[in-house]
2 protein chains.
Amino acid sequence: MPTHGRVTPDATDRGAKAQAEGFATVRQAHESEMAEDYVELIAELIELQGEARPVDIAERLGVKPPTVTKNISRLKDAGLVSRERYRAIFLTPAGQKLAEACRRRHRIVVAFLLSLGIDEDTAERDAEGIEHHVSENTLEAFERATSRFEKKC
Amino acid sequence: MPTHGRVTPDATDRGAKAQAEGFATVRQAHESEMAEDYVELIAELIELQGEARPVDIAERLGVKPPTVTKNISRLKDAGLVSRERYRAIFLTPAGQKLAEACRRRHRIVVAFLLSLGIDEDTAERDAEGIEHHVSENTLEAFERATSRFEKKC
DNA sequence: CACCTATGTTAGCCTTGTCTAACTTTTAGG
DNA sequence: CCTAAAAGTTAGACAAGGCTAACATAGGTG
Ligand SMILES: [Mn+2]
Ligand SMILES: [Mn+2]
Ligand SMILES: [Mn+2]
Ligand SMILES: [Mn+2]
C-alpha cells in the first residue's frame, strides 16, 4: 500500500514509479535529439542543394562551425554519416532511414499544429522540440486528428 | 535573394534564419527544463505529503540523491527554492509562481492528449517532454481543441 | 600558377546534469 | 538516552554539447 492509506489527497498521484519512468523517457529522448536533428537537416540540405556542407548545417542550426565538426564526428562514430575530411557530408543507409523517419514525424507534427489553427512560424518552432517527445501512439493520433480537422470537423 | 533564384526545389525551405531561431528556441527550453520539472514536483509533493524531501524528489524523478542535492542548490541560487541543510525544501514566491504555471501547462497538455484518445500512461509520458516546447499560442489552441473534442465533435 | 578568402579542423575551455563512493546528520526504537 | 538505519551531503568523475582562438586546407581569381 503506497502512501499508507491516505484519505485521497488533492493532487492526483500516478505513483512514484510511473512518474520516474516518464522522466526517464524524456531524458532518453534528449539523448537522441542531436542525431535526429542533424540527419534530418542533412537530408534536407542534400535534397535542397545536392550536398550538406558544415557551413550550411551550422547556419541552419544556429551554432558555430566547430560544434558541427565535433557532432558530425559523433554521428560518424554512430554509423549515421559518412564523410572524408574537408568534404561534404553524406548519410549512411542507417542515417537515411533515421532521417526519413524524422522527416515524416516532423511533417506530421507540423501539419497537426497547423490544423489546430496555429500560425506557420509558431508551428515550426514548437514542432522542432515536440517531435522528439511524441510516441508512435501519439503520432498516429495526430495524423487521425489532422484529417478530421481538415474536413473542417 | 537566398539560394540565388532556384527553380523551387522539392523540400520546402523556410529560410536558414527562421530555422536557426527554431533550434535556438528548443535549446532555450531545455535550459529551463530542470527548474520547471523540479518546482512542479516540489509543489506536488508539498500538496501530497506536506513537504518535499530530497529522497522523494529523487525517487519520482528517477535520479540519485546527490543529483537532487546539486540541482536544489542551483534552484536556490536561482531564487526559486528556500531551504536549510538536511531540512525539507520549500518554494519561494517566485518558485510557487513558476510551479503554478508549469502545473497548469502540464494539465492542459495531458488533458489535450487524453481528448485525442491517447491512453493515460502514454499521455503522461509524452506530456512530460512536450510541455516544455509548447508556446502560449499553442497551449491556447490545445485548450480550445480539448473542449471541442470533449463535446465529442 | 600563386595567393587570398572561404571553409573546415584542432585544441582547449565551460556549463549542465548525471553518477559512485565516502562521509555526516537526523531520527526512531529499544 | 544511545545507537543503528535512513536520509542527506560532499568530493570527484564523466559525457554531451556549446564556445573562442588559432591553425590548415581547398578553390576560385588575378
Ligand atoms: Mn527537433
Ligand atoms: Mn517535464
Ligand atoms: Mn511536468
Ligand atoms: Mn525536449
Side-chain angles (χ1 to χ4, degrees), chain A residues 4 16 20-42 45 49-78 80-90 128-129 132, chain B residues 4 16 20-42 45 49-78 80-90 128-129 132:
Chain A
H4 57 289
E21 272 168 29
F23 286 114
T25 301
V26 174
R27 286 191 296 269
Q28 278 182 291
H30 288 161
E31 273 178 33
S32 9
E33 178 155 354
M34 185 275 285
E36 291 173 357
D37 285 336
Y38 271 70
V39 298
E40 190 180 339
L41 178 54
I42 289 166
L45 285 170
Q49 333 193 308
E51 60 178 17
R53 283 281 173 186
V55 102
D56 298 312
I57 296 175
E59 190 193 9
R60 293 182 115 90
L61 244 26
V63 299
K64 303 295 180 186
T67 300
V68 173
T69 297
K70 190 177 285 190
N71 285 335
I72 291 298
S73 102
R74 287 173 182 157
L75 297 185
K76 194 177 172 185
D77 291 348
L80 294 169
V81 130
S82 85
R83 89 113 141 195
E84 296 153 68
R85 252 199 217 172
Y86 297 102
R87 309 293 312 277
I89 293 144
F90 297 97
E128 199 54 75
H132 307 280
Chain B
H4 57 290
E21 273 168 28
F23 286 114
T25 299
V26 175
R27 285 190 297 267
Q28 279 183 289
H30 287 160
E31 273 178 33
S32 7
E33 179 155 352
M34 185 275 285
E36 292 173 357
D37 285 336
Y38 272 69
V39 298
E40 191 181 337
L41 178 54
I42 289 166
L45 284 170
Q49 331 193 307
E51 60 177 17
R53 284 280 173 187
V55 91
D56 298 313
I57 297 174
E59 189 193 9
R60 291 181 116 89
L61 245 23
V63 299
K64 300 297 179 186
T67 302
V68 173
T69 297
K70 190 176 285 190
N71 285 334
I72 291 297
S73 102
R74 285 171 183 158
L75 296 186
K76 194 178 172 185
D77 291 347
L80 294 169
V81 130
S82 86
R83 91 112 142 193
E84 296 153 67
R85 252 199 218 171
Y86 297 103
R87 308 292 314 276
I89 293 145
F90 296 97
E128 199 54 74
H132 308 280

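Labels below follow one simple rule: chain letters A, B, ... track the order of the sequence lines, proteins then strands, and each chain is numbered from 1. Quick caveat: nothing in here was measured; it's all calculated off a predicted structure.
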Visitor: Taking O4'-C1'-N9-C4 for purines and O4'-C1'-N1-C2 for pyrimidines, is D:dA7 syn (within 90° of 0) or anti?
Guide: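 Anti, since the glycosidic angle lies more than 90° from 0.
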Visitor: Could you grab the distance from atom CZ of B:Arg60 to atom CD1 of B:Ile42, nearest 0.5 Å is fine?
Guide: 12.5 Å
Visitor: Both B:Val55 and A:Gly62 contact DNA chain D. Taking the nearest nucleotide for each, which residue is further toward the 5' end?
Guide: B:Val55
Visitor: Could you state the interatomic distance from CG (B:Leu41) to CG (B:Leu61), rounded to the nearest 0.5 Å?
Guide: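 One finds 5.5 Å between CG of B:Leu41 and CG of B:Leu61.
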Visitor: Figure out the CZ/C1' separation between A:Arg53 and C:dT9, and round it to whole Å.
Guide: 14 Å
Visitor: Which residue, A:Tyr86 or A:Pro65, contacts DNA chain D at a nucleotide closer to its 5' end, judged by nearest heavy atom?
Guide: A:Pro65
Visitor: Taking all non-hydrogen atoms of both residues, which atom of A:Val26 and which atom of B:Gly129 are closest, and how far apart?
Guide: CG2-N, 3.6 Å
Visitor: When rounded to the nearest 0.5 angstrom, what distance separates CG in A:Leu75 from OG in A:Ser82?
Guide: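 Those atoms lie 11.5 Å apart.
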Visitor: Rounded to whole Å, please give me the gap between CG in A:Asp37 and P in D:dA16.
Guide: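 Distance, rounded to whole Å: 17 Å.
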Visitor: Tell me: CD of B:Glu51 to C1' of C:dT26, nearest whole Å?
Guide: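 For the pair B:Glu51 CD and C:dT26 C1', the rounded distance is 13 Å.
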Visitor: Take the protein atom CZ of B:Arg87 and the nucleotide atom C1' of C:dT24, then report the distance between them rounded to whole Å.
Guide: 17 Å
Visitor: Given C:dG17, C:dT18, D:dT9, identify the nucleotide with an atom nearest to the side chain of B:Arg74.
Guide: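 Looking only at heavy atoms from C-beta outward on B:Arg74, the closest nucleotide is C:dG17.
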Visitor: Just to confirm, is there a sub-4.0 Å distance from OP1 or OP2 of D:dG18 to any side-chain nitrogen or oxygen of A:Thr67?
Guide: no
Visitor: Taking atom C1' of C:dT15 as reference, at what distance in whole Å does atom CD of B:Gln28 sit?
Guide: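 In whole Å, C:dT15 C1' and B:Gln28 CD are 16 Å from each other.
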Visitor: Starting from C1' on D:dA16, measure out to OH on A:Tyr38 and report it in whole angstrom.
Guide: 11 Å
Visitor: From the options D:dG18, C:dT9, D:dT20, select the nucleotide whose nearest atom is closest to the side chain of A:Arg83.
Guide: C:dT9
Visitor: How long is the straight-line distance from CZ of A:Arg53 back to CZ of A:Arg87, given to the nearest 0.5 Å?
Guide: 7.0 Å
Visitor: For C:dT10, does OP1 or OP2 lie under 4.0 Å from any side-chain N or O of A:Arg85?
Guide: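 Result: yes.
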Visitor: Identify which nucleotide among D:dT20, C:dT16, D:dG17 has an atom closest to any side-chain atom of A:Met34, counting heavy atoms from C-beta outward.
Guide: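 Nearest to the side chain of A:Met34 among the choices is D:dG17.
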Visitor: Any N or O donor-acceptor pair under 3.5 Å from the base of D:dT9 to the side chain of B:Lys70?
Guide: no
Visitor: Given B:His132, which of B:Gln28, B:Glu36, B:Glu31 fulfils the side-chain contact (heavy atoms from CB on, under 4.5 Å) condition?
Guide: B:Glu36
Visitor: How many whole angstroms separate atom CG of B:Leu45 from atom C1' of D:dA7?
Guide: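 Going from CG in B:Leu45 over to C1' in D:dA7 covers 15 Å.
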Visitor: Starting from the 5' end of DNA chain C, give me the residue, A:Pro66 or A:Arg27, whose nearest nucleotide shows up first.
Guide: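 Its nearest nucleotide lies further toward 5', so the answer is A:Pro66.
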Visitor: How many whole angstroms separate atom CG of B:Asn71 from atom C1' of D:dG8?
Guide: 15 Å
Visitor: Scan every strand shown for a Watson-Crick or G-U wobble partner of D:dT10, both distances under 3.5 Å, and answer none if you come up empty.
Guide: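 Answer to the pairing question: C:dA21, which forms a Watson-Crick or G-U pair with D:dT10.
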Visitor: Under a 3.5 Å limit for both distances, which nucleotide forms a Watson-Crick or G-U wobble pair with C:dA6, could you say?
Guide: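 Here C:dA6 is not engaged in any pair, so there is no nucleotide opposite it.
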Visitor: Is the phosphate of D:dT9, meaning OP1 or OP2, less than 4.0 Å from a side-chain N or O of B:Thr69?
Guide: yes
